[in-house]
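Before any comments, here is the structure.
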Amino acid sequence: MSSIPSKRRIALIDGNNFYCSCERVFQPKLNGRPLIVLSNNDGCAVSRSNEAKALGVKMGQPLFKIPAEIKHQGLIALSSNYALYSDLSNRMMRIMGEVTPRQEIYSIDESFIDLSHGSLARSLATAKELRSRIVRAIGIPTCVGIGATKTLAKLANHVAKKSIVPDLDGVFAWESLNEADVSAVMATITVGEVWGVGRRLTEQLQSMGICSALDLKRADRATMTKRFSVVLARTVDELNGEACLVLDDVTPSKQQIMTSRSFGQTVTEQDQLAAAITKFASRGAEKLRQQRSVANAVQVFAMTNRFAVDEPQYTPSILVPLSIATDDSMRITRAALYGLKCFYRPGFQYKKAGVMLTGLESRRDRQLDLFSTYDESRSNRLMAAMDAVNSRYGRDTLRLAITSGTGAAASAMRRERKSPGYTTQWGEIPVAVC
DNA sequence: TCTGGGGTCCTAGGACCC
DNA sequence: TCTGGGGTCCTAGGACCC
């Protein structure tokens, strides 16, 4: 086992005002201007430039609710372009990953990376070098926060971003302060800025007199568990430098896949909903295949406009189990449309609908499970055939043979035995899963 | 008039089983 | 009046994140 450094040093790097910065890469004339990027249907502001924040535009604020005075001060609002953002994200992540083998891509614009190795000075230098490389190569400004745990790294990133400590140059590490200064800085940060503390928790914590990050760090763990949950207790631990959240450097596959949209205009007819749901279901199946999973159930939902409080509300949802786990668009779409048929009621103004694929499992697990349904002698023959393939071609071929089904694998093996020199193209065997 | 689209984890409560 | 004790699985709902 390699030696574990006594002090973990985890860095969180993220792009500043990411979507806005992406737009500026391609339209430099937007630099210095108050800019926002809008959600789907141009509904809400989902990213704001510093200038837009200074004008008072709030995160998630609906465009139509932004006061005219602000709009008249040159505010520029752009529709979102996710293809562009994810492309720039990929490039940024690649550069981040070059610094260390241990990288967890946490969201479209942020990564945790491990900088435990070496001195603090060296880690700081690495972080600064990374920032300038990203800005040179891609044009996206970033900030880096460094701490002993993920929660501390997040909080350090906040310090860097808001320049709470002077002369940071976009990089801040808790380690560079003594204990008294750490406390002093944490005392100035409101508790709601701590990762995992949202609006609700902030209210409740404040009513208990826990108002700053420092207060939460010093809070009693047992009380937090009892009054709230183990999640908040873990946050307390993390603030105290005790790691509860590991750095996940392999991206785990999704446990559920959602595809949904708000409609620009409300719809009433079943046909219109069916058209949308068909699209969501096949898009979901596509995402499913991308991560090589199969779904055991399809959840379909629709909802009326929750903001139109005077209109009748209806938010039906139904879970349709699939008889066998699948990634097949047709099966999934059929299940989704069946769900719609069950809950559809005329006379409502539907504003949004969606399809969620749940009960996901990896395709390979499922196919291994299928063996339990085979009879023994058949199963033995298959295993013998595959052992032979395995010893000859290695594990990858075994995987291919499994996905090819019993008959195909066995007969291919027979052909090989009969005519030496004949090599099966395993990857080309048609998939014959029941 | 106009109000995003994804995800995660935890908890509580009911059904069911032995 | 009072009615076991555990376990699992499922669902709904809440809170959080970006």
Side-chain angles (χ1 to χ4, degrees), chain A residues 12 14-20 36-48 57-66 68 71 77-82 85-86 89 104-112 150-151 154-155 157-158 191-205 224-235 244-245 248 251-266 276 279-280 283-284 287 291 296-297 299 301 303-309 311 315-321 349 351-360:
Chain A
L12 177 81
D14 70 348
N16 302 344
N17 315 326
F18 188 64
Y19 298 166
C20 284
I36 56 176
V37 171
L38 299 168
S39 64
N40 215 347
N41 295 329
D42 293 343
C44 305
V46 291
S47 179
R48 305 159 295 155
V57 182
K58 300 274 174 283
M59 183 63 179
Q61 192 170 19
L63 181 60
F64 77 95
K65 279 193 176 174
I66 295 175
K71 289 180 182 160
L78 298 177
S79 298
S80 47
N81 180 352
Y82 288 100
Y85 310 149
S86 76
S89 169
E104 174 185 340
I105 297 174
Y106 178 68
S107 75
I108 191 162
D109 74 327
E110 55 192 317
S111 266
F112 288 102
K150 285 174 148 186
T151 304
K154 274 278 211 184
L155 204 59
N157 183 275
H158 173 76
V191 71
E193 297 292 346
V194 176
W195 192 36
V197 180
R199 199 168 48 87
R200 285 303 174 89
L201 275 175
T202 302
E203 280 170 25
Q204 295 181 54
L205 288 169
M224 293 298 110
T225 311
K226 212 171 143 195
R227 176 86 196 267
F228 302 100
S229 73
V230 295
V231 184
L232 190 62
R234 284 204 280 260
T235 300
C244 301
L245 307 170
D248 240 329
T251 313
S253 51
K254 305 255 181 288
Q255 300 175 51
Q256 35 178 256
I257 287 172
M258 163 120 85
T259 311
S260 70
R261 281 291 176 281
S262 290
F263 305 125
Q265 287 178 328
T266 55
K279 211 185 283 176
F280 301 152
R283 174 76 189 110
K287 295 183 196 171
Q291 70 161 31
N296 277 290
Q299 188 158 7
F301 66 89
M303 53 180 72
T304 47
N305 185 357
R306 66 196 166 103
F307 296 102
V309 285
E311 282 171 29
T315 56
S317 162
I318 192 170
L319 185 74
V320 183
Q349 301 283 323
K351 180 64 184 165
K352 182 178 178 178
V355 169
M356 181 141 84
L357 305 179
T358 62
L360 304 194

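Each chain gets a letter, A, B and so on, in the order the sequences are listed, and its residues count up from 1. Remember, it's a predicted structure, so these values are computed and weren't measured experimentally.
Contact between the side-chain N/O atoms of A:S260 and the OP1/OP2 oxygens of B:dG6 is found at a separation under 4.0 Å. The side chain of A:R234 places an N or O atom within less than 4.0 Å of a non-bridging phosphate oxygen (OP1 or OP2) of B:dC10. Note on A:K352: a side-chain N or O is less than 4.0 Å away from OP1 or OP2 of B:dG5.
Aromatic ring orientation, A:Y82 versus A:Y19: perpendicular (interplanar angle above 60°, classes split at 30° and 60°). Relative ring orientation between A:W195 and A:F112 is described as tilted, the plane-to-plane angle lying within the 30° to 60° band.
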Does A:L232 form a side-chain contact (heavy atoms from CB on, under 4.5 Å) with A:V197? I'd like the steps, not just the answer. CA-CA 8 Å; A:L232 190 62; A:V197 180; 4.1 Å; yes
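Closest to the side chain of A:R200, from the set C:dC18, B:dT8, C:dA15, is C:dA15. Of the candidate nucleotides C:dA15, C:dC18, B:dC10, C:dC18 has the atom lying nearest to any side-chain atom of A:Y106. With distances taken from any side-chain atom of A:E110 to the nucleotides C:dC18, B:dG7, B:dT11, the minimum falls on C:dC18.
Nearest-nucleotide positions on DNA chain B place A:Y19 closer to the 5' end than the other of A:V231 and A:Y19. The residue among A:V230 and A:T259 whose nearest nucleotide of DNA chain B lies closer to the 5′ end is A:T259.
Here the C1' atom of nucleotide B:dG4 and the OH atom of A:Y85 are 13 Å apart, to the nearest Å. Summarising the geometry, the separation between CZ on A:R199 and P on C:dC16 is reported as 8 Å, rounded to the nearest angstrom. The separation between A:K150 atom NZ and B:dC9 atom P is 11 Å, rounded to whole Å. Distance A:D248 CG to C:dC17 P: 19 Å, rounded to the nearest Å. If you take CD of A:E203 and P of C:dG14, they are 15 Å apart, rounded to a whole angstrom. Distance, A:R283 CZ to B:dG6 P: 9 Å, rounded to whole Å. Between the CE atom of A:M224 and the C1' atom of C:dA15 there is a distance of 16 Å, given to the nearest Å. Taking atom CG on A:L245 and atom P on B:dC9, their separation rounds to 11 Å, with Å as the unit.
Within the 4.0 angstrom heavy-atom criterion, only backbone atoms of the sugar-phosphate kind lie near A:Q255; the bases stay farther away. At the heavy-atom level, A:I257 lies under 4.0 Å from the strands shown only through sugar-phosphate atoms. Residue-level contact check: A:F18 touches neither bases nor backbone, having no heavy atom under 4.0 Å from any strand. No contact: A:L38 has no heavy atom under 4.0 Å from any strand. Residue contacts for A:V37: at a heavy-atom cut-off of 4.0 Å it reaches no nucleic acid atom on any strand shown.
In this structure C:dT8 sits in a base pair with B:dA15, meeting the Watson-Crick or G-U test at under 3.5 Å.
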Would you tabulate the nitrogen or oxygen pairs shorter than 3.5 Å linking the protein to nucleotides 1-3 of chain B?
unit_1 : atom_1 : unit_2 : atom_2 : d
B:dT3  : OP1    : A:K351 : NZ     : 2.4

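A:K352 contributes atom NZ, which lies 10.0 Å from atom CG of A:N40 (distance to the nearest 0.5 angstrom). With values rounded to the nearest 0.5 angstrom, A:K351 atom NZ is found 16.0 Å from A:T315 atom OG1. Distance check, rounded to the nearest 0.5 Å: CZ of A:R283 to OG of A:S260 gives 12.0 Å.
More than 12 heavy atoms of other shown residues, nucleotides or ligands fall within 6.0 angstrom of atom CD in A:E203.
Annotation: side chain of A:T304 is not in contact with side chain of A:E311 (no heavy-atom distance under 4.5 Å).
Atom C1' of B:dC17 sits at a distance of 14 Å from the matching atom of C:dG4, rounded to the whole Å.
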